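As the structure is a computational prediction, the values presented were derived from the model and not from experiment. Residue indices begin at 1 and follow the sequence shown.
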Amino acid sequence: MAVNQTRGGMPPLDLLSTFLEIYRAGSLSAAAQRLGVTQPAVTGQLARLEEQIGEPLFVRTHRGVTPTQRAAALASRIGVHVDGLREALHPADTEAPLQGTVKVGGAAEVMTLRVLPVLAELVGRGVTVHVTLGLADDLLSQLANGRLDLVVSAVRPSQQALLAVPLVDEEFVLVAPPALAHTIDADRLRAEPVAALAHLPLVAYADELPVVRRYWRSEFGRRPPNPVAMVVPDLRAVLAAVVAGAGISVLPRYIAAPALAAGEVVQLHHPEVAPLNTLYLAVRRGAPAGPAVTVLRDRLQQAARRWNTL
């Protein structure tokens, strides 16, 4: 958990913990409330950390504080490690009884396959969980308006009222049923991938082909010229349609993995660097986080470390 370019070595855990609370709360006063200390104490610890880092980590505004790029990078790098150390040092805290309601939003696929098992842990500890499924922009608006407590977002929030930390990177794969894969000329696929794939119908998530179009532009430098055979707004349904032979598509690897392992689909393209999309964990800036929201945030970050190894 080394922090590069600091003065005097790695900052103490208490300074890093305070920094994370400021980053997540969006204000010094909210961080102090979460930590159970005075605001001057938080201000002093932040000043000590900024002195060791050698540059400011936050810009003060009338709404609280805005993290600098260095602060965002630092939070992303140390967050799960500091949370893990705090849990190891105070294991009893993580088993304390919880109560209340937590309102969580996210896309149907990632919520169903990855987040709901983590939410189930809170239910077992006495928390009522309300889940809202939808598109990132709509969910982030609900978060900013106070109708949600936390959102797992496929886009980084642009609203000043929200704070977000990277949660996990999704890897995308281009897949096809074996019968369609056999119609592709392997040599032409290597030399002219767009032309080699152009005859294959697409199964898309939306009319705008957001996932497929991004893959084609990233890997092949242009939009796909392929005909669209089916549009279905659920990536799990997209996979089912591909398995059934309706066409080819681009999917997150965690969704396609079981079908790939079973031989129901094959990966058509193997880029040197896999296309990625970052999922973010978003909360309201300065909103007082109850114990259940804090535990959920920490549990999701811990779970994301396991997702990255699957």
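No donor-acceptor pair under 3.5 Å is formed between the side chain of R213 and the backbone N or O of P224. For T278 (side chain) and P166 (main-chain N/O), no donor-acceptor pair under 3.5 Å exists by modelled atom type. In terms of modelled atom types and a separation under 3.5 Å, the side chain of N226 and the main chain of L197 share a donor-acceptor contact.
A pairwise comparison of heavy atoms in L140 and S153 identifies CD1-OG, 3.6 Å as the closest pair. In plain terms, the two heavy atoms of A259 and L239 that are nearest each other are CB-CD1, 3.9 Å. The nearest pair of heavy atoms linking G106 to L139 is N-CD1, 3.3 Å. Between P252 and L235 the shortest heavy-atom distance is CD-CD1, 3.8 Å. Nearest approach of P201 to A229, heavy atoms of both residues: CB-CB, 3.6 Å.
The shortest distance between side-chain heavy atoms of V243 and V265 falls below 4.5 Å. A heavy-atom distance below 4.5 Å is not found between the side chains of T18 and L46. Looking at heavy atoms from C-beta onward, L163 lies in side-chain contact with P67 at the 4.5 angstrom threshold.
Residues passing the salt bridge (Lys or Arg N to Asp or Glu O under 4.0 Å) test with D207: none are found, sequence neighbours excluded. F58 meets the ring pair (Phe, Tyr, Trp, His ring centres under 6.0 Å) test with F19; sequence neighbours excluded. Partners of T43 under the side-chain hydrogen bond (donor to acceptor under 3.5 Å, both in side chains) rule, at least two apart in sequence or in another chain, do not exist in this structure. Not a single salt bridge (Lys or Arg N to Asp or Glu O under 4.0 Å) links R223 to another residue, sequence neighbours left out.
For residues 227-243, the side-chain hydrogen bond (donor to acceptor under 3.5 Å, both in side chains) pairs, not counting sequence neighbours, are T112-R236, D234-R236. A salt bridge (Lys or Arg N to Asp or Glu O under 4.0 Å) check over residues 149-166, counting only residues at least two apart or in different chains, returns nothing.
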